[in-house]
Protein chains: 2
Amino acid sequence: MSDTSRNELGRIIKQQRMAVPLTLQELAAMSEVSASHLGRIERGERFPSASILRKVAQPLGFEEDELFTLAGYLSPQSPRVAEAHHPYSGGRLDPYVARVLAEESLDVQRAVIGILSILKSIAKSITKEKR
Amino acid sequence: MSDTSRNELGRIIKQQRMAVPLTLQELAAMSEVSASHLGRIERGERFPSASILRKVAQPLGFEEDELFTLAGYLSPQSPRVAEAHHPYSGGRLDPYVARVLAEESLDVQRAVIGILSILKSIAKSITKEKR
DNA sequence: CTTGACTTTTGCCATTTGGCGAATTATACT
DNA sequence: AGTATAATTCGCCAAATGGCAAAAGTCAAG
């Protein structure tokens, strides 16, 4: 962890705590994290673990993944909140389909997409033939 | 961290590593995490920190926040790829399978599980017949 | 059975994290 | 000024993380 990112994150947390406003002890009570630790985090002497960030986020009014991103635990564009689109090809997996498949064993799951790809290649060759 | 959640997460990671498939050393090389540490995580002797999870996610084909949720670092509220974790009794949906399927249209996705259920009922009737 | 090449596990250690309690430093109130 | 009172910081410690190197396992070819 670079010194700058520690200080940066600490600065942000402190700024947010002041803005609410809360004292270290109050935030400590709300988040179940010791005030001394919070203080060290704010002035960049310690780097907060994921579980600490999680505890602190809500009392400070941060989105849960926001602090993770700031801390570098999650990559910058996290389309996690609500209905963002998939980074890959844009399709969404239907929840019902997902649920049904999830109940199958891993082998069956893989067999399923194996069969799918076979069917697709057959379909492709058929249409090619046709024309 | 409860013993069960450690073992659970380890089990999932190991299962996924085997499915890819990779050795501990290969995964170690790809993720820049020592093989010994990865081994201990898989068998529940260590709990992976957020940065470890982040490094490991991509080589294993997990969405970046998926492992965070499984580890309890993030709350399980965002069904981006549908429920990859399993509050309901069943198994989990393999990330690779989910990704491939998500690229298909909704019609195709439903057709896939339609075919699956047909194959299952055929298999069932065959085994019944046999005895 | 034995050798040789991998893969996984174990022992040991440095580094970090995070808590508790005691100092220190603001902030009020007489 | 002087002294409560609250807020922050410091010192020290236990527990956990994660790496390295050596010790087991595994498994195929000879």
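Throughout, protein chains are lettered first and strands after them, A, B, ... in sequence-line order, and every chain is numbered starting at 1.
- Between B/M30 atom CE and C/dT7 atom P the separation is 14 Å, expressed in whole Å.
- Counting any heavy atom pair closer than 4.0 Å across all strands shown, A/E32 reaches sugar-phosphate atoms only and no base atom.
- With sequence neighbours excluded, no residue forms a side-chain contact (heavy atoms from CB on, under 4.5 Å) with B/Q58.
- Rounded to whole Å, atom P of D/dG19 lies 15 Å from atom CD of B/E45.
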Protein and nucleotides 21-28 of chain C: nitrogen or oxygen contacts under 3.5 angstrom:
none

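- Atom CG of A/L38 and atom C1' of C/dG18 are 10 Å apart (whole Å).
- Under the rule for a side-chain contact (heavy atoms from CB on, under 4.5 Å), the partners of B/S31 that lie at least two apart in sequence or sit in another chain are B/L27, B/V33, B/L38, B/K55, B/V56, B/P59.
- Listed nucleotides C/dG19, C/dT17, C/dG18 differ in distance to A/F47; the shortest reach to its side chain belongs to C/dT17.
- The separation between B/L27 atom CG and C/dT7 atom C1' is 13 Å, rounded to whole Å.
- For A/I12, the side-chain contact (heavy atoms from CB on, under 4.5 Å) partners at least two apart in sequence or on another chain are A/E8, A/F62, A/L70.
- Of the side-chain N and O atoms in A/R43, one or more sit less than 4.0 angstrom from OP1 or OP2 of D/dT9.
- Within residues 16-24 of chain A, the residues approaching DNA chain D are A/R17, A/T23, A/L24, by heavy-atom distance under 4.0 Å.
- Taking atom CZ of residue A/R54 and atom P of nucleotide C/dG18, one finds them 14 Å apart after rounding to whole Å.
- Side-chain atoms of B/F68 and A/D65, non-hydrogen and from C-beta on, never get closer than 4.5 Å to each other.
- A heavy-atom distance below 4.5 Å is not found between the side chains of A/R46 and A/I52.
- In the set D/dT8, C/dG19, C/dC12, the nucleotide with an atom closest to the side chain of B/R46 is C/dC12.
- When all heavy atoms of B/A28 and B/A35 are compared, the closest pair comes out as CB-N, 3.6 Å.
- Regarding B/Q25, its CD atom lies at a distance of 14 Å from the C1' atom of D/dA24, rounded to whole Å.
- Listed by chain and number, the residues in a salt bridge (Lys or Arg N to Asp or Glu O under 4.0 Å) with B/R40 amount to none (sequence neighbours excluded).
- When distances are taken from the side chain of B/H37 to each of C/dT17, D/dT8, D/dG18, the shortest belongs to D/dG18.
- The CD1-P distance, from B/I41 to C/dT9, rounds to 13 Å in whole Å.
- Legend: residues meeting side-chain contact (heavy atoms from CB on, under 4.5 Å) with B/M18, ordered by chain and number and at least two apart, are B/K14.
- Distance CD (B/E42) to C1' (C/dT9): 12 Å, rounded to an integer number of Å.
- Here salt bridge (Lys or Arg N to Asp or Glu O under 4.0 Å) pairs that include residues 17-29 of chain A, with residues two or more places apart or in two chains, are A/R17-A/E42.
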